[in-house]
Amino acid sequence: MALIAELWLDGRGSPAFRSTPRPTVSWTVTDAHDGWLQESADLELTIAGTASITTVTGRDSAAVAWPFPPLAPFTAAALRVRARSTRGDETAWSEPVPVLTGPLAPADVTASFITAAKQPEEPADLAGDRPTLRAAGVVQVRDGLSRAVLTATALGVYEPVVNGTVATDEVLAPGWTSYEDRLLLQTTDVTALMVEGDNLVGAEVAEGWHRERFGFDGDFRVAYEGPTALLMQVRLEYADGTVETHGTDATWLATYTGPTSSASIYQGERRDDRRPDGGLTRIVGGAPAFADAAPVVVVDAPRERLEPAAAPPVRRIQTVAPVASEMRENGRIRLDFGQNLVGWMHVRATAPEGTVVTLHHAEVLENDELAIRALRHAANVDTVVVGGSGTVDFAPRFTFHGFRYAEIEGIDSLEALASVEAVVIHTDMRRTGWWESSDPLLNQLHQNVVWGMRGNFVSLPTDCPQRDERLGWTGDIQVFAPTASFLYDCGGMLGSWLKDVEAEQARNAGVVPMIVPNPAHRSPVLPAAAWSDAATLVPPALHLALGDAGLLERQYASMTAWAEAVLAVADEQGLWRGGFQFGDWLDPTAPPHNPAAAKTDQDIVASAYLHKTLTAMAGAATVLGRTDDAERWAAAAARTRAAFLAAYVTPEGRVLSDAPTAYALVITFGLLDGDERLAKAGDRLAELTVAHAFRIRTGFVGTPLLCDALASTGHRDVAHRLLAETGCPSWLYPVTMGATTIWERWDSMMPDGSVNPGEMTSFNHYALGAVADWMHRDIAGLSPLEPGYRVARIAPRPGGALTSASTALESVHGRFEVSWRLEDGTMRVTAAVPANAEAVVDLPGMPEQRVGSGAHEWSVPLGAPAAAPAPFTMDTPLSIMAWDPEVTGRLQGVFGRVGYFIGFGWIDNGRWRADTTLRTGLPMCSPEQVAAMGAELDAINVQRGLEPCGPDHWRL
């Protein structure tokens with residue numbers, strides 16, 4: 001019998017208290033017959049013991065519009081669903097899920113923002129103390145309490161406390177938003193923490209992002225106005241129907257004196273356990289027992305910016321134990337957690353009172369020391385001063401670090417260290433996507449992508465989690481959104497962030513800043529291709545993954561504002577030329593000091609993205625039924641396309657710049673669709689890829705597109721060989737160097753183990769990991785044909801040395817699984833399609849077929865085995881040698897041994913070409929050097945059971 005497997009409101013993982021009076025409703029069905037499709041569903045909402053039922057017809061079961069009257073603030077209800085299929089069978093009612101609301105509008109909050117009357121002095125430098133605000137009040141509860149709901153937020157980041165107990169498992173609340181426009185409210189049920197009589201309610205508030213010093217090149221400033229402040233409101237509901245509301249006001253007490261002497265996102269956290277204070281744990285004389293407190297002052301903060309949080313909160317997700325520890329000669333304890341992660345350490349130890357215990361963090365080691373130069377002005381330390389108990393039990397709460405390695409200073413022996421663990425934090429999104437293959441290196445690459453996303457989805461999508469940046473760079477998430485929305489249900493988090501995008505646009509005539517939220521208001525906001533395009537490209541990516549057209553509707557004004565802004569800077573032909581651009585940022589050929597100096601002309605990148613944005617606008621308008629808009633955007637895209645082809649593409653299919661990113665853009669962005677030059681462009685991209693011995697020649701813009709561009713133009717073999725390369729630069733080079741996250745630069749760590757000398761070097765940046773999207777869709781073969789995977793495409797394509805691959809996706813319709821393995825010349829494919837979904841199956845050499853839900857299996861005969869390899873000779877094209885990493889690697893070794901340094905430039909200069917051989921491509925090469933190369937190649941020939949050419953052959 002079919003059952004309702006899961007029922008949820010809004011996005012999976014969203015807060016327990018709804019942010020809207022009309023949440024969307026989604027459900028999945030399991031244990032159904034094959035081919036199960038929904039005909040209708042009944043939804044039952046129960047409020048105060050009264051149930052109402054409504055029926056929705058049709059197949060929709062994901063992000064279904066709220067079918068009941070709008071919810072009122074502070075509602076406590078329950079919802080359940082049952083569904084029936086086109087065959088007439090019906091599921092049982094699902095288990096009910098809570099439907100809760102807190103305040104839904106600023107008017108639902110009556111409390112005021114408060115702060116301490118005496119403010120701390122501004123620190124003289126970045127390392128100066130930034131003490132936390134501690135505020136509390138007494139709330140009286142009478143007999144008959146039925147429910148207590150706490151709503152809070154802060155100008156800063158806060159930890160709420162009720163009667164000495166932390167009231168929530170959220171951390172770093174309320175998160176970072178565009179504070180001038182949006183400040184999020186968190187609501188939680190605290191009934192179990194309240195007692196009859198006096199109750200102590202309060203919070204500790206750190207500066208957080210609100211008063212962090214943001215900037216670049218040593219120029220750091222507070223970006224947001226106003227002091228650290230707290231807002232809290234407790235709503236008490238009694239059995240007799242009465243309601244009382246108690247909130248922060250002038251009767252509360254506050255102080256900046258307490259155990260936390262300093263807390264900063266960038267500079268770490270410092271605590272002194274010799275200064276315990278009961279202000280948040282005890283009531284004495286009817287007031288919080290602060291050692292040093294005074295009546296608060298009310299802060300005049302705009303209330304219209306308050307809104308309930310819609311995104312999942314940041315939480316402590318897991319703990320990681322060290323895989324190695326040692327006592328160093330310098331007296332520090334060195335720890336290796338085996339994984340580059342984001343969060344903090346929790347340390348328990350013993351030490352004499354007054355001992356300063358310092359926790360140092362780093363992502364990598366350099367010369368057997370913590371490598372911290374790349375952190376720039378950020379500190380990598382937390383400290384605690386041991387109190388009178390002689391014990392340490394310390395974990396920060398108001399900062400975070402990116403680290404794999406750590407050192408503890410102040411604990412004099414491993415025996416004195418009772419326990420230590422790394423606490424992983426990130427936005428508590430639901431994991432939805434998995435991938436695995438027969439190649440351990442690719443499996444590690446995929447794991448690195450996952451961990452990179454986890455570490456950079458902390459309240460908002462950041463570029464890096466460790467240095468003095470950690471900003472919401474729009475270009476990074478623009479290229480990564482398809483990967484992110486497969487790996488996790490990040491619709492709630494990115495949907496919230498997109499509101500900030502729109503808010504920042506409103507201040508800048510529709511232009512999207514390079515970072516959102518944008519604390520660098522002193523800098524001019526300039527339109528930048530691929531970065532500003534996040535406004536138009538992230539919403540469609542989320543819609544395709546999650547099937548919520550409501551998000552497109554909510555963001556359509558923002559999308560339109562950016563499209564109009566970029567059209568305003570385009571020329572009369574519809575091309576975007578001139579002005580500032582990031583271009584193909586971090587092209588590996590760019591020098592460390594100038595990462596924008598890419599091979600691909602910046603105007604090509606800009607105009608290609610203009611076409612991409614206009615095409616996305618036409619698609620969004622079509623989905624939303626805005627026919628006139630769709631026609632207008634499509635016409636504008638066609639104009640840009642025609643101008644682009646005329647200006648940048650030759651009749652032979654060469655693209656100006658003749659660089660891989662240029663070809664990847666025109667191929668994947670549809671600029672050559674239906675054009676006879678498409679195949680020629682694909683051939684040239686493949687030729688360039690081989691000529692550079694499969695080393696990456698693209699940056700943030702081109703890298704996510706490379707494999708798709710190659711595969712779609714008949715060069716999937718080149719894409720697989722490119723993905724499998726381990727030389728620098730390549731996706732797998734960092735894996736061979738021990739990376740456990742994606743690096744910012746292809747060579748963030750040099751082959752000799754030194755850190756890249758550039759000022760901008762991070763070992764946790766997800767952008768270059770966007771290739772995982774192709775791994776999901778092409779190698780494993782699962783992609784959406786209709787939004788939310790209502791109809792999926794199953795089209796696995798083996799390649800390279802892989803003998804198996806698999807993927808799984810917990811879509812909004814249920815779990816898809818696709819796997820394949822090669823056996824005896826046959827590809828055996830299995831797939832599972834969830835109820836109320838379908839799939840179009842496209843397998844090599846077989847006609848397409850459409851299947852319904854259930855388990856499926858196919859056997860696909862493969863082509864004839866590859867021809868036997870030929871021996872390497874003086875006349876073997878270098879392009880053929882380039883396919884063999886052992887050959888290229890050993891030849892490079894010979895170049896070094898015999899001093900033929902010209903050969904070291906073959907990769908950078910793209911000399912591994914089909915029209916070049918050793919006989920024609922060795923200028924200024926001595927007979928002895930040629931003989932050494934020949935001896936090496938003959939050794940490979942013999943090793944592979946082939947005839948050697950012999951010494952007489954190896955002469956120019």
Side-chain angles (χ1 to χ4, degrees), residues 2 5-6 12 24-30 32-41 56-65 83-87 432-435 481-483 485-487 489 491 539-552 616 618-620 622-625 708 712 773-774 776-797 806-820 829-844 846-858:
E6 189 174 10
R12 290 169 289 188
T24 61
V25 185
S26 303
W27 59 91
T28 60
V29 173
T30 190
H33 61 71
D34 289 350
W36 195 97
L37 291 175
Q38 179 180 287
E39 181 176 75
S40 63
V56 295
T57 58
R59 275 187 61 189
D60 289 346
S61 60
V64 174
R84 60 191 60 85
S85 79
T86 52
R87 296 187 189 179
T432 53
W434 295 264
W435 186 94
T483 302
S485 55
F486 184 94
L487 295 174
D489 187 335
L542 293 176
H543 171 240
L544 186 61
L546 300 172
D548 184 2
L551 183 137
L552 277 184
T622 299
V623 170
L624 299 176
D708 267 310
S712 66
D773 178 49
W774 182 76
H776 303 148
R777 290 183 291 102
D778 200 275
I779 296 178
L782 178 62
S783 59
L785 280 179
E786 292 186 12
Y789 291 78
R790 177 184 173 115
V791 179
R793 181 173 185 263
I794 296 175
R797 294 294 186 266
S806 64
T807 190
L809 175 70
E810 294 282 357
S811 79
V812 291
H813 287 91
R815 185 178 180 90
F816 285 89
E817 295 179 355
V818 179
S819 66
W820 60 264
V829 182
T830 61
V833 178
N836 208 31
E838 296 176 294
V840 172
V841 181
D842 176 10
L843 299 176
M846 297 177 62
E848 282 191 358
Q849 59 177 300
R850 192 179 183 102
V851 300
S853 63
H856 306 276
E857 186 171 350
W858 302 269

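Nothing fancy with the numbering, it's 1 onward along the sequence. These numbers were taken from a predicted model, which means no experiment stands behind them. Reckoned from all heavy atoms, side chains included, excluding hydrogens, waters and symmetry mates.
Ring geometry for W36 against H33 counts as tilted: the plane angle lies between 30° and 60°, on a 0 to 90° scale. Using a 30° and 60° split on the angle between ring planes, F486 and H776 fall in the parallel class, below 30°.
A distance-only check finds a donor-acceptor pair linking the side chain of N836 to the backbone of Q38 [under 3.5 Å]. No side-chain donor-acceptor contact under 3.5 Å links T432 to the backbone of L809. Side-chain atoms of S806 do not come within 3.5 Å of backbone N or O of V818 as any donor-acceptor pair. In this structure, the side chain of H813 does not engage the main chain of A62 through any donor-acceptor pair within 3.5 Å. Put simply, the side chain of S61 never gets that close to the backbone of T28: no donor and acceptor are under 3.5 Å apart. A donor-acceptor pair under 3.5 Å links the side-chain atoms of S853 to the main chain of G35, judged by distance alone.
Atom-to-atom distance recorded for D34:CG and H856:NE2 is 6.5 Å, nearest 0.5 angstrom. Taken to the nearest 0.5 Å, the OG1 atom of T24 stands 12.0 Å off from the CG atom of D60. The distance from the CD1 atom of I794 to the CD atom of E817 is 10.5 Å, given to the nearest 0.5 Å. To the nearest 0.5 Å, the span separating CZ on R790 from OG on S811 amounts to 12.0 Å. The structure places OG1 of T830 at 6.5 Å from CD of E857, a figure rounded to the nearest 0.5 Å. Atom OG of S485 and atom CG of D773 lie 7.5 Å apart (nearest 0.5 Å).
Among the candidates E786, E838, E39, the single residue satisfying the salt bridge (Lys or Arg N to Asp or Glu O under 4.0 Å) test with R59 is E838.
Contact of the E810 side chain with the D489 side chain is not registered, since no non-hydrogen atoms from C-beta on lie closer than 4.5 Å. Within the 4.5 Å cutoff, the side chain of L542 has no heavy atoms near those of the D548 side chain. Considering only heavy atoms from C-beta on, V851 comes within 4.5 Å of W858 through its side chain. Under the 4.5 Å side-chain criterion, counting only non-hydrogen atoms from C-beta, I779 is in contact with W774. Counting heavy atoms from C-beta outward, L551 and H543 have side chains that stay 4.5 Å or more apart.
Across every non-hydrogen atom of V29 and A32, the tightest pair is CG1-CB, 4.1 Å. Across all their heavy atoms, L552 and P540 have their closest contact at CD2-N, 3.9 Å.
Using a 3.5 Å distance cut-off with no hydrogens or angles, the side chains of S40 and R84 do pair a donor with an acceptor.
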